[in-house]
J.: 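The structure under discussion is supplied below as structure tokens; questions concerning it will follow.
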Protein chains: 2
Amino acid sequence: MNSVLTTSDEILASARTLITSGGYNGFSYADIAKVVGIRKASIHHHFPSKVDLVRTLVIRYRQDAEVGIAALEQDAPDPLELLKTYAGHWAKCIEDASRPFCVCALLASELPALPPEIAGEVKAFFRFLSTWLTSVMERGSREGALSLSSQPRVEAEAFMASVHGAMLSARAYGTPEVFPAILAPTLQRLSPTVAQ
Amino acid sequence: MNSVLTTSDEILASARTLITSGGYNGFSYADIAKVVGIRKASIHHHFPSKVDLVRTLVIRYRQDAEVGIAALEQDAPDPLELLKTYAGHWAKCIEDASRPFCVCALLASELPALPPEIAGEVKAFFRFLSTWLTSVMERGSREGALSLSSQPRVEAEAFMASVHGAMLSARAYGTPEVFPAILAPTLQRLSPTVAQ
DNA sequence: CTCTGTCTACCTTCTGATAGGGAGGCTGTC
DNA sequence: GACAGCCTCCCTATCAGAAGGTAGACAGAG
């Protein structure tokens with residue numbers, strides 16, 4: 001028992017970092033063992049199989065997102081502000097290289113090769129994110145806080161795709177600034193036109 | 001020597017399919033051997049190492065894209081039409097599940113864990129695609145065939161991000177229709193406004 | 001005879017996983 | 001208080017299979 005972080009939390013944290021960098025098949029128990037400072041076998045005590053580990057990780061990831069978003073909605077309920085904050089969150093993560101990619105976005109790219117238990121959780125994350133964004137778009141449209149040119153659902157999917165694609169580009173170019181540069185016009189377009 | 005396809009071409013083709021599904025670490029020489037109907041050792045005759053194989057694959061992929069795009073520009077030089085055709089190409093590939101993901105987009109997602117020789121080629125593909133899209137945006141803006149709300153370069157990056165993000169969503173949901181649904185508003189927005 | 005393409009056989013290292021044991025901490029009973 | 005029993009956590013040792021890769025032989029074509 002560590003005072004600040006459980007061993008199983010440390011395992012999950014390093015697994016997230018490793019997945020973020022190379023995907024499901026891009027890391028091994030040996031890699032985690034090295035980072036956490038523990039033996040391979042000890043990881044199996046906490047997570048019997050790799051599938052258990054990653055499934056737990058994805059579920060936890062979604063739960064954290066749910067909590068974070070709920071807090072966000074309370075702090076700044078303005079739809080446009082919510083979208084900006086969401087994009088800003090990722091811009092910051094990419095810039096300081098702390099979590100430069102969404103775990104689920106990466107796992108989704110290799111979805112066909114993923115164990116079904118994990119694939120299901122990844123899909124659930126996408127549904128969750130899409131549902132939230134759709135609700136933000138709907139509310140923004142209703143309140144006049146967002147100017148939509150399509151149905152809320154479509155706008156939500158397009159926004160999510162922009163974020164994921166921008167993450168990819170930032171990684172491909174190796175330049176974090178690309179992310180906000182891509183998102184800026186999208187957010188601009190969603191802003192209610194202040195007169196003409 | 002096969003009458004229609006070289007063995008090395010068959011190897012490259014099956015490698016592309018396998019990478020498209022599970023990424024660089026998601027396939028092995030054994031997998032290719034099974035598909036092509038050859039022994040592992042024979043693959044090493046054509047491509048000494050896995051890095052050789054995938055680097056060749058990515059280079060070939062970019063060359064094919066260059067040729068395809070050059071042909072496209074000759075057939076239909078209208079900028080908006082070019083973008084629609086490009087998006088339509090992927091929509092078709094995703095729909096008939098023939099090549100439901102861009103190899104380089106997938107490899108880019110695991111870029112930090114990729115052998116540097118391959119990472120370099122993937123980056124080169126992104127630069128190439130971005131350069132082409134920027135040129136299309138520039139020309140479209142000059143000719144009035146596209147209505148841009150940002151600089152051509154930014155519009156190009158945003159378009160590319162939308163395409164990649166939409167691919168990811170189509171894969172995550174398992175519904176091909178998502179791709180064109182996301183791209184439609186983007187293309188709509190780029191269309192020159194026919195009056196009000 | 002040589003070159004190309006394939007084969008069998010083998011090697012090394014890594015991978016996820018298991019068995020079994022030991023140290024330490026709680027808890028209930030005498 | 002002492003002790004037994006159990007639980008948690010980590011260890012060493014080991015495994016079977018898959019990974020990427022090599023060596024050397026053989027068949028056919030030029």
Side-chain angles (χ1 to χ4, degrees), chain A residues 1-58 60 107 110 112-119 121, chain B residues 1-58 106-107 110 112-119 121:
Chain A
M1 287 292 179
N2 193 314
S3 53
V4 271
L5 222 54
T6 334
T7 302
S8 94
D9 282 340
E10 282 192 79
I11 293 170
L12 286 170
S14 73
R16 188 186 53 202
T17 306
L18 288 163
I19 286 190
T20 305
S21 130
Y24 182 74
N25 291 302
F27 79 100
S28 70
Y29 270 40
D31 295 327
I32 297 180
K34 221 175 297 172
V35 174
V36 178
I38 212 180
R39 301 292 151 177
K40 272 199 317 171
S42 307
I43 304 174
H44 283 283
H45 172 256
H46 297 277
F47 305 96
S49 78
K50 197 178 180 182
V51 171
D52 290 318
L53 168 57
V54 178
R55 204 193 51 225
T56 306
L57 169 61
V58 175
R60 184 84 54 100
L107 289 176
E110 40 187 18
L114 247 40
E117 302 96 313
I118 298 172
E121 297 300 336
Chain B
M1 286 291 180
N2 194 313
S3 52
V4 272
L5 222 52
T6 331
T7 302
S8 93
D9 281 341
E10 283 191 77
I11 293 170
L12 285 169
S14 73
R16 189 185 54 205
T17 306
L18 288 163
I19 285 190
T20 304
S21 133
Y24 182 74
N25 291 302
F27 79 101
S28 70
Y29 270 40
D31 295 327
I32 297 179
K34 222 176 293 170
V35 174
V36 177
I38 211 180
R39 301 292 150 174
K40 270 200 316 171
S42 308
I43 303 174
H44 284 282
H45 171 73
H46 297 278
F47 305 96
S49 78
K50 196 178 181 182
V51 171
D52 290 319
L53 168 58
V54 178
R55 204 193 52 222
T56 306
L57 169 61
V58 174
L106 207 154
L107 289 176
E110 39 186 19
L114 246 40
E117 301 96 314
I118 298 171
E121 296 301 334

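Here is the naming used below: chain letters follow the sequence lines, and residue numbers restart at 1 for every chain. Computed from a predicted structure; not experimentally measured.
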J.: Please confirm whether the shortest side-chain N or O distance from T7(B) to OP1 or OP2 of dT6(C) is below 4.0 Å.
T.: yes
J.: I need the NE2-P distance between H44(B) and dC10(C), as an integer number of Å.
T.: 17 Å
J.: Is S42(A) touching bases, backbone alone, or none of the nucleic acid, heavy atoms closer than 4.0 Å?
T.: base
J.: Could you tell me the separation between the CZ atom of R39(B) and the C1' atom of dA18(D), rounded to a whole number of Å?
T.: 16 Å
J.: Within the structure provided, determine whether F47(A) and L12(A) are in side-chain contact (heavy-atom separation under 4.5 Å).
T.: yes
J.: Rounded to whole angstroms, how far apart are CD1 on I32(B) and P on dA18(D)?
T.: 17 Å
J.: Let me know the distance between NE2 of H46(A) and C1' of dC10(D), rounded to the nearest Å.
T.: 8 Å
J.: Atom CG of N25(A) and atom P of dA19(D): how far apart are they, to the nearest Å?
T.: 10 Å
J.: What I'd like to find out is whether the side chain of V54(B) reaches to under 4.5 Å of the side chain of L114(B), using heavy atoms alone.
T.: no
J.: Report the distance from atom CG of L18(A) to atom P of dC14(C), rounded to the nearest whole Å.
T.: 16 Å
J.: Any sub-3.5 Å donor-acceptor pair from Y29(B)'s side-chain atoms to S49(B)'s backbone N or O?
T.: yes
J.: Rounding to an integer number of Å, can you tell me how far D31(A) CG sits from dT13(C) C1'?
T.: 14 Å
J.: So, K50(B) side chain and Y24(B) main chain: donor-acceptor pair closer than 3.5 Å or not?
T.: yes
J.: For dC11(D), take OP1 and OP2 only and decide whether either is under 4.0 Å from a side-chain N or O of H45(A).
T.: no
J.: Select one nucleotide: of dT15(C), dT6(C), dT18(C), the one nearest the side-chain heavy atoms of A41(A).
T.: dT18(C)
J.: Is a donor-acceptor contact shorter than 3.5 angstrom present between the side chain of K50(B) and the base of dG21(D)?
T.: no
J.: Can you figure out which of dA23(D), dA19(D), dC11(D) approaches the side chain of K40(B) most closely?
T.: dA19(D)
J.: How many whole angstroms separate atom CZ of F47(A) from atom C1' of dC10(D)?
T.: 15 Å
J.: Does a side-chain heavy-atom distance below 4.5 Å link L53(B) with I32(B)?
T.: yes
